Amino acid sequence: MRLRFAPSPTGYLHVGGARTALYNWLLARHSGGTFILRIEDTDQSRYTEEAIDAITEDLAWLGLQWDEGPGVGGEHGPYRQTERGAVYSEAACRLLWEGKAYRCFCTPKEIAARHEAEKVDARTARREHACRFLSEEQVARLEAQGVPSAIRFKVEEGTTIVRDLVRGDVVFDNGIIEDFVLLRRDGTATYNLAVVLDDTGMAITHVVRGDDHLSNTPKQLMLYAALGVEPPRFGHLSMIVGTDGKPLSKRFADVSVGFYREKGYLADAMVNFLSLLGWSLDDKTTIIDRESLITGFSLDRVTSKPAVWDIEKLDWMNGVYIRSKSDEELAELLVPFLRRAGYDLDSARLARAVPLVKERMKVLEDAVPLLSFMGAADPGLEEDARKALQTDGARRMLAASLEALESLPVFEAAQIESALREVAERLGLKPRVAFQPVRIAITGNKVSPPLFGSLALLGKEASLRRIERALKE
RNA sequence: GGCGCAUUAGUCUAGCUGGCCUAGGACGCCGCCCUCUCAAGGCGGAGAUCGCGGGUUCGAAUCCCGCAUGCGCUACCA
């Protein structure tokens with residue numbers, strides 16, 4: 001199988017695009033085939049170099065390596081539409097000569113007016129453009145006058161059946177399809193011409209893409225037929241929508257892969273989550289590693305229902321993946337986040353911090369507030385936290401703790417724990433009431449990572465200082 | 001307007017070659033256990049007349065028709 005992902009460079013990789021890319025990649029890997037990346041930038045006004053970089057970066061981050069395409073080359077290039085112009089105009093001219101297409105001299109304004117009129121009575125509207133019936137002499141004269149023209153495809157009567165791999169057969173009546181433009185008056189190709197030629201040129205065997213292309217597929221099928229080329233197989237994926245059933249928009253969730261990467265979602269979690277957006281391995285598996293995804297993925301189990309972007313489930317899943325990382329791996333992943341937050345961490349300290357926060361994170365970013373207590377500055381106290389330090393029990397506990405900790409020769413979690421438990425018992429305080437003041441003194445917060453480990457991480461000096469300070473409150 | 005696609009609990013989904021479904025799994029929620037807080041983990045629980053209305057059948061979430069709703073396409077956008 002040869003499959004492709006063909007994004008238009010709109011500035012970022014949309015999660016829907018990411019899912020499409022993933023499914024193509026999965027199919028390629030599953031079949032031992034080839035995954036191709038092609039940039040659809042026929043509309044030159046929209047394309048920028050940065051936009052392409054953003055997309056390729058995100059794809060690479062997800063681990064969806066392409067076998068052919070920008071950056072890696074391949075025998076079927078070029079892999080950018082703007083570099084394939086000659087292919088398009090050549091094919092369009094051929095269709096013109098063969099009488100399968102015609103020149104249209106209408107101005108866009110005229111066309112727009114006509115479309116407007118059609119809306120009034122769509123049933124009687126004619127799908128062929130008047131220019132289709134121009135005589136050769138008329139065409140020659142207009143051309144001689146230098147009237148610019150676009151090239152339109154002649155849609156013939158009949159029906160076109162799309163044998164869709166995920167939806168089954170979908171029948172279209174050609175009568176509802178307008179003679180569509182192949183080559184714009186400026187000589188550039190439209191999408192429908194370009195995809196067909198690109199997929200042909202790149203020997204694509206399976207086109208797996210978004211639902212929004214389903215209605216265009218009959219046009220492409222007609223083009224394949226006119227060109228005398230065997231069409232690829234098609235599979236159309238449903239859209240990704242928000243929990244309100246509407247297309248994903250910024251109102252409900254952020255739609256770019258980059259956004260999730262920056263918040264600290266893991267690539268593996270994203271891939272797993274994306275895979276389940278419209279596909280399932282079986283009736284109960286939700287955590288699926290890459291290997292199993294590759295072996296288990298098939299278009300048979302892809303649903304045609306719209307897939308909903310469920311951020312709560314993604315959060316949960318990301319937590320699962322974070323917990324499955326080794327401390328060392330997680331430490332490495334955390335470095336950029338902690339560094340960005342301004343924490344200075346040597347690797348030894350980081351190694352001790354990781355187990356403290358590992359099972360308390362949904363995204364890597366969560367580690368930042370969790371570890372804020374180990375910053376150099378002693379934390380400020382909220383009003384109710386300060387109040388909790390004022391009780392008699394709290395003051396006795398803090399004072400006794402200070403003494404006990406001061407005399408500890410080894411300031412590690414285990415030693416700290418037994419020392420503090422001993423103190424609590426001696427004072428007749430239940431653990432939960434005894435340790436809370438210490439926690440507040442150390443972290444400034446009523447909620448924190450495990451206390452004893454946190455103390456050890458903070459270090460003896462700072463710990464003692466903070467307890468002393470708390471006693472003065 | 002036309003054409004196309006879709007419609008299972010708060011949410012995501014399995015099932016859709018009809019009976020094994022008095023609808024399975026997951027997220028979330030609630031409760032209990034564990035426990036230095038928060039998490040994580042373990043155990044248990046509530047929650048769906050399978051969009052609505054007809055039909056076919058001994059039997060339908062599953063097949064057919066109609067309706068409703070949502071979305072997509074209907075561009076010299078991709």
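Sequence lines set the chain letters: A, B, ... in the order given, protein chains first and strands last, and positions in each chain run from 1. The shown structure was predicted, so the numbers you read here are calculated from the model rather than taken from an experiment.
Among the nucleotides B/C5, B/C3, B/A78, the one closest to any side-chain atom of A/Val170 is B/C5. For A/Lys219, the listed nucleotide lying nearest its side chain is B/U74; candidates were B/C3, B/U74, B/C76. Of the candidate nucleotides B/C73, B/C36, B/C76, B/C76 has the atom nearest to the side chain of A/Val181. Side chain of A/Asp212, nearest nucleotide from B/G72, B/A14, B/U74: B/G72. Considering only the side chain of A/Pro450, B/U37 comes nearest among B/U37, B/A14, B/G4. Residue A/Glu312 has its side chain nearest to B/G28 when only B/G28, B/C5, B/A78 are considered.
With C1' as the reference atom, B/C52 and B/U69 are 10 Å apart, rounded to whole Å. Using atom C1' as the reference point in both B/C21 and B/U8, the two lie 12 Å apart (nearest Å). Across B/G24 and B/A48, the matching P atoms stand 12 Å from one another, rounded to whole Å. Taking atom C1' in both B/C16 and B/U7, one finds a spacing of 13 Å when rounded to whole Å. With both ends at atom P, the span from B/C20 to B/C3 equals 38 Å, rounded to whole Å. Nucleotides B/G18 and B/U62, compared at atom C1', are 6 Å apart to the nearest Å. B/G42 sits 43 Å from B/C5 when the P atoms are compared, rounded to a whole Å. Distance noted for atom P between B/C43 and B/A26: 10 Å (whole Å).
With sequence neighbours left out, the side chain to side chain contact (heavy atoms under 4.5 Å, CB included) criterion links A/Val308 to A/Val241, A/Thr243. Evaluation of the salt bridge (Lys or Arg N to Asp or Glu O under 4.0 Å) rule for A/Glu359 yields no partner, not counting sequence neighbours. Remark: A/Glu329 pairs with A/Lys325, A/Ser326 by the side chain to side chain contact (heavy atoms under 4.5 Å, CB included) rule, at least two apart or across chains.
Put simply, the side chain of A/Arg360 and the base of B/C38 share a donor and an acceptor less than 3.5 Å apart.
Between A/Lys362 and B/A39 there is no side-chain N or O to OP1 or OP2 distance below 4.0 Å. The phosphate of B/C76 has OP1 or OP2 within less than 4.0 Å of a side-chain N or O from A/Arg152. For the OP1/OP2 pair of B/G4 and a distance below 4.0 Å, the side-chain nitrogens and oxygens of A/Ser215 include no atom meeting the criterion. The phosphate of B/A78 (OP1 or OP2) has a side-chain N or O of A/Arg184 nearer than 4.0 angstrom. Side-chain N/O atoms of A/Arg421 include one lying less than 4.0 angstrom from OP1 or OP2 on B/C36. Phosphate contact (OP1/OP2 of B/G15, side-chain N/O of A/Arg301, threshold under 4.0 Å): present.
In this structure, the ring of A/Phe297 has its center less than 6.0 angstrom from the ring center of A/Trp279. Not less than 6.0 angstrom separates the ring centroid of A/His206 from the ring centroid of A/Tyr23.
Counting heavy atoms of neighbouring residues, nucleotides and ligands inside a 6.0 Å radius, atom CD of A/Glu157 does not exceed 12 of them. Shown here is A/Glu83, whose CD atom has more than 12 heavy atoms of other residues, nucleotides or ligands within 6.0 Å. Other residues, nucleotides and ligands contribute more than 12 heavy atoms inside 6.0 Å of the CZ atom of A/Arg386.
What you find for A/Arg301 and A/Asp282 is that their closest heavy atoms are NH2-CA, 3.6 Å. Among all heavy-atom pairs drawn from A/Leu274 and A/Arg19, the shortest one is O-CG, 3.6 Å.
If you take CG of A/Asp173 and P of B/C73, they are 20 Å apart, rounded to a whole angstrom. Rounded to an integer number of Å, the gap from CG of A/Asp300 to C1' of B/A14 is 15 Å. Rounded to whole angstrom, the span from the CD atom of A/Glu359 across to the P atom of B/G42 amounts to 12 Å. Here the C1' atom of nucleotide B/A26 and the CG atom of A/Asp283 are 11 Å apart, to the nearest Å. B/A78 atom P lies 10 Å from atom CG of A/Asp41, rounded to whole Å. With rounding to whole Å, A/Asp310 atom CG is found 11 Å from B/C27 atom P. Atoms CZ (A/Arg84) and P (B/A78) sit 15 Å apart, rounded to a whole Å. Separating the CH2 atom of A/Trp279 from the C1' atom of B/G25 is a distance of 14 Å, rounded to the nearest angstrom.
Residues A/Asp41 and A/Gln81 have side chains that never bring a donor and an acceptor to within less than 3.5 angstrom of each other.
Within the 4.0 angstrom heavy-atom criterion, no nucleotide atom of any strand lies near A/Phe180. Base engagement by A/Lys313 is indicated by at least one non-hydrogen atom pair under 4.0 Å involving a base atom. Nucleic acid contact for A/His213: base, since at least one base atom lies under 4.0 Å from a heavy atom of the residue. At the heavy-atom level, A/Leu214 lies under 4.0 Å from the strands shown only through sugar-phosphate atoms. Heavy atoms of A/Val357 sit nowhere under 4.0 angstrom from any nucleic acid atom. Among the protein residues, A/Ala307 comes within range of the sugar-phosphate backbone only, with heavy atoms under 4.0 Å from sugar or phosphate atoms but none that close to a base.
Between A/Asp268 and A/Arg290 there is a salt bridge, since a side-chain N of the basic residue sits under 4.0 Å from a carboxylate O of the acidic one.
Along RNA chain B, the nucleotide nearest A/Met239 and the nucleotide nearest A/Asn192 are compared for position; the residue whose nucleotide lies closer to the 5' end is A/Met239. Mapped onto RNA chain B by nearest heavy atom, A/Cys104 and A/Leu277 fall at different nucleotides, with A/Leu277 at the one closer to the 5' end.
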**Request:** Map every base of RNA chain B to its dot-bracket character, where paired means a Watson-Crick or G-U wobble contact with both distances under 3.5 Å and | marks a partner outside the strand.
**Result:** (((((((..((((.....[....)))).(((((.......))))).....(((((..]....))))))))))))....
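A donor-acceptor pair is defined here as one N or O able to donate and one able to accept, closer than 3.5 Å; such a pair exists between the side chain of A/Asp164 and the backbone of A/Val166. A distance-only check finds no donor-acceptor pair linking the side chain of A/Arg38 to the backbone of A/Ala6 [under 3.5 Å]. Between the side chain of A/Arg103 and the main chain of A/Cys131, no donor-acceptor pair closer than 3.5 Å is present.
Of the residues in residues 318-329 of chain A, those with a non-hydrogen atom less than 4.0 angstrom from any atom of RNA chain B are A/Arg323. Taken residue by residue, residues 435-449 of chain A places heavy atoms nearer than 4.0 Å to RNA chain B at A/Phe435, A/Gln436, A/Arg439, A/Lys446, A/Val447, A/Ser448, A/Pro449.
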